[in-house]
Participant: 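Handing you this structure, nothing more for now.
Reckoned from all heavy atoms, side chains included, excluding hydrogens, waters and symmetry mates. Quick caveat: nothing in here was measured; it's all calculated off a predicted structure.
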Amino acid sequence: RNQVLLERLKQGEHEKFAPFLKKLEKDVRHRLSDEGATINNKKRLNILLSDVKSIQRSIYDDYLKQLTLDLGEIGLNQAELEALSYEKVVVKFESTIPSAAQVSAALRVNPLQVEGYTGNPLLEPFINDWSKSRIQQVNTVIQQGFYRGATISDMTSELRGTKTNKFNDGTWAKVNRSNRTIVRTAIQHASQQARHETMKQNSDIVKGYEWVSTLDSKTSDICAGLDGRRFKIGEGIVPPAHPNCRSTTTPVFSESFDFLNKGATRASKGSSGGKQVDAKETYYSWLKGQPKAFQEEAIGVSKSKLLRDGGLSAEQFAKQSLNRNFEPLTMAEWKKKNPVIFAEADIKL
């Protein structure tokens, strides 16, 4: 339930970018119009690029201040919710809620573990890198436009997009879509780090955590392979595993609380719609029970055939699908690692 509400929160947080985007478009357009019909020479181009960069930087600074404050508040709320959830299920247990300083430190100091991201993985540099890239994206339109002889009107149109495509093909629309991704990813990080800080503070009952992926056809390879795996607090991979990651984690209580798992279920969205399934189901054990067409939609034709006919259990399939760094193997890498299962499934690459 928390993750469902968090997904809604992500959309609401992204919508807060709208007035900043409107100001970006307006202020850059006005500065471009100051040049007249064209940019006369390279000197004028360099002055224009510097001005446009400054305009954007100022607006992004204001936006990122708001986003950073909101992430801190989201983290505090998630920490409190995590702690209170322990009290709901463990009789006469008084949970420890981490302080605001502890939550803030967890958000700032613990790195994002986003697959393929090569920049500074800490939260603040992560969102700052995004704004720098978006500034450059707009400046590149202007710079390239100048060298191919485009008019100011041409550049403005490229930034805005075409009416035919409802302006979704313009640079500003691309900036907006990238904001959605960065916000969703940052919020997932804030939520998970705050909740894991709470797990640390309640180590007398919490002994680890379990990765929980979404059971539907859109789940990524890395999250599918991690679903159901358990780690010690502070020693395993934590969502988000990739941009727009929807995976979450749940605390693993000490063995004396195993009775709480009786009758537990989890949500799924398979070929017949959404329904609750046994909580012990992992992504690939659940997927094995789906029709062939659904399996192929979720993980592709060859991989789904490997799942059905390769002779591996769902647990073995999940473990072999990722390398030591929890990165998904390509089919070629997988075949090199275990050619027997490819022969068993009669798959030729």
Side-chain angles (χ1 to χ4, degrees), residues 10-68 70-71 112 114-187 240 242-244:
K10 290 175 184 178
Q11 181 58 31
E13 191 65 34
H14 164 62
E15 289 171 358
K16 292 182 180 181
F17 182 56
F20 294 94
L21 181 62
K22 185 176 181 180
K23 183 170 176 56
L24 280 166
E25 182 175 2
K26 177 184 175 182
D27 289 2
V28 170
R29 184 177 69 249
H30 285 172
R31 177 60 187 86
L32 283 170
S33 67
D34 290 341
E35 295 298 311
T38 61
I39 304 171
N40 293 329
N41 51 56
K42 289 183 180 180
K43 183 178 179 180
R44 290 301 310 168
L45 170 67
N46 290 332
I47 294 172
L48 174 62
L49 291 173
S50 178
D51 289 350
V52 170
K53 181 178 180 179
S54 295
I55 289 169
Q56 293 182 88
R57 182 72 275 160
S58 176
I59 296 171
Y60 277 118
D61 283 348
D62 289 342
Y63 170 67
L64 294 182
K65 286 177 185 176
Q66 175 185 297
L67 176 60
T68 300
D70 288 351
L71 290 173
L112 287 92
V114 176
E115 179 193 7
Y117 180 67
T118 57
N120 189 323
L122 300 184
L123 182 60
E124 186 175 345
F126 179 73
I127 58 179
N128 279 330
D129 283 350
W130 165 77
S131 65
K132 291 176 183 177
S133 297
R134 301 293 73 78
I135 290 171
Q136 186 56 49
Q137 187 175 8
V138 170
N139 276 29
T140 296
V141 170
I142 299 170
Q143 191 171 28
Q144 291 181 345
F146 170 79
Y147 282 106
R148 67 170 182 263
T151 64
I152 293 295
S153 179
D154 293 334
M155 297 174 194
T156 302
S157 295
E158 185 174 348
L159 290 171
R160 189 183 184 201
T162 60
K163 188 176 181 180
T164 305
N165 291 311
K166 299 180 180 179
F167 305 105
N168 287 322
D169 54 344
T171 304
W172 295 122
K174 295 174 184 176
V175 168
N176 192 44
R177 288 193 291 271
S178 71
N179 174 262
R180 183 185 295 112
T181 296
I182 206 75
V183 164
R184 290 176 61 83
T185 307
I187 287 178
H242 56 82
N244 290 316

Participant: Taking Asn41 for its side chain and Arg44 for its backbone only, find out whether a donor-acceptor pair lies under 3.5 Å.
Facilitator: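 Answer holds: yes.
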Participant: State whether Glu158 and Arg148 are salt-bridged, where the test is any N-O pair (Lys NZ or Arg NE/NH1/NH2 against Asp/Glu carboxylate O) under 4.0 Å.
Facilitator: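 A salt bridge is present here (some side-chain N lies under 4.0 Å from a carboxylate O).
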Participant: So, do His30 and Lys26 sit near enough that their side-chain heavy atoms are less than 4.5 Å apart?
Facilitator: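 Yes; the side chains approach each other to less than 4.5 Å.
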Participant: Quick check: do Lys53 and Leu49 have side-chain heavy atoms less than 4.5 Å from each other?
Facilitator: no
Participant: Given side chains that start at C-beta, do those of Leu24 and Tyr63 come closer than 4.5 Å, heavy atoms only?
Facilitator: no
Participant: How many angstroms lie between atom CZ of Arg180 and atom CG of Asn244, to the nearest 0.5 angstrom?
Facilitator: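 CG of Asn244 is found 8.5 Å from CZ of Arg180.
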Participant: Looking at Thr151 and Thr38, would you say the former's side chain and the latter's main chain have a donor-acceptor pair under 3.5 Å?
Facilitator: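 The answer is no, because no donor-acceptor pair under 3.5 Å joins these two groups.
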Participant: Just to verify, which of Leu122, Val183, Thr68 counts as forming a side chain to side chain contact (heavy atoms under 4.5 Å, CB included) with Ile127?
Facilitator: Thr68
Participant: Hey, does Thr181 have a side-chain heavy atom less than 4.5 Å from the side chain of Trp130?
Facilitator: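 Side-chain contact under 4.5 Å: no.
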Participant: Decide whether Asp61 and Ser58 meet the rule of one side-chain donor and one side-chain acceptor closer than 3.5 Å.
Facilitator: no
Participant: Is Thr162 close to Phe167 at the side-chain level, that is, under 4.5 Å between some pair of heavy atoms?
Facilitator: no
Participant: Using a 3.5 Å distance criterion without hydrogens, assess whether the side chain of Ser178 forms a donor-acceptor pair with backbone atoms of Val175.
Facilitator: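 Yes, the answer is positive, given that a donor and an acceptor are paired below the 3.5 Å cut-off.
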Participant: State whether the side chain of Arg57 and the backbone N or O of Val52 hold a donor-acceptor pair below 3.5 Å, judged by distance alone.
Facilitator: no
Participant: Are the charged groups of Lys16 and Asp70 less than 4.0 angstrom apart, N to O?
Facilitator: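 Salt bridge present between Lys16 and Asp70.
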Participant: Please find out if less than 6.0 Å separates the ring center of Phe20 from that of Tyr60.
Facilitator: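 Phe20 vs Tyr60: aromatic centres not under 6.0 Å.
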Participant: Do the charged groups of Lys10 and Glu13 touch, with an N to O distance under 4.0 Å?
Facilitator: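 Looking at Lys10 and Glu13, the cut-off is not met.
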Participant: So, Thr140 and Gln136: side-chain donor and acceptor under 3.5 Å apart, yes or no?
Facilitator: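 Checked: Thr140/Gln136 side chains pair up, N/O donor to acceptor below 3.5 Å.
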Participant: Starting at CD1 of Ile142, measure out to OG1 of Thr156 and round the result to the nearest 0.5 Å.
Facilitator: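 If I round to the nearest 0.5 Å, the distance is 8.5 Å.
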Participant: What are the two closest heavy atoms between Ala186 and Leu123, and how far apart are they?
Facilitator: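 Scanning both residues completely, I find the closest heavy atoms to be CB-CD1, 4.0 Å.
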Participant: Any chance you could measure Arg177, atom CZ, to Ile182, atom CD1, to the nearest 0.5 Å?
Facilitator: 15.5 Å
Participant: Give, for atom CZ of Phe17 and atom CG of Leu64, the distance between the pair rounded to the nearest 0.5 Å.
Facilitator: 9.0 Å
Participant: Roughly how far, to the nearest 0.5 Å, is the CZ atom of Arg29 from the CD1 atom of Ile152?
Facilitator: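 Those atoms lie 13.0 Å apart.
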Participant: Please check if any side-chain donor atom of Thr171 sits under 3.5 Å from a side-chain acceptor atom of Arg160, or the reverse.
Facilitator: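 Looking only at side-chain atoms, Arg160 and Thr171 do not form any donor-acceptor pair under 3.5 Å.
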Participant: Give me the atom names and distance for the closest heavy-atom approach of Pro243 to Thr185.
Facilitator: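 Where Pro243 meets Thr185 most closely, the heavy atoms are CA-OG1, 3.4 Å.
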Participant: I'd like to check Pro121 versus Val114 (side-chain heavy atoms, cut-off strictly below 4.5 Å). Are they in contact?
Facilitator: no
Participant: So does Gln11 have more than 12 non-hydrogen atoms from other groups sitting under 6.0 Å from CD?
Facilitator: yes
Participant: Given 3.5 Å as the limit, does a donor-acceptor pair link the side chain of Ser50 with the main chain of Ile47, or not?
Facilitator: no
Participant: Is it the case that the side chain of Asn120 and the backbone of Phe126 share a donor-acceptor pair, with hydrogens and angles ignored and the cut-off at 3.5 Å?
Facilitator: no
Participant: Would you say His14 and Asn176 make side-chain contact, with heavy atoms under 4.5 Å?
Facilitator: yes
Participant: Between the main-chain N or O of Asp129 and the side-chain N or O of Ser133, is there a donor-acceptor pair closer than 3.5 Å?
Facilitator: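 A pair under 3.5 Å: yes.
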Participant: Do Gln56 and Asp27 get their side chains close enough for a donor-acceptor pair, meaning under 3.5 Å?
Facilitator: no
Participant: Are Ile39 and Leu32 side-chain neighbours, meaning at least one heavy-atom pair lies under 4.5 Å?
Facilitator: no
Participant: Within this structure, what is the CH2-CG distance for the pair Trp172 and Leu21, rounded to the nearest 0.5 Å?
Facilitator: 7.0 Å
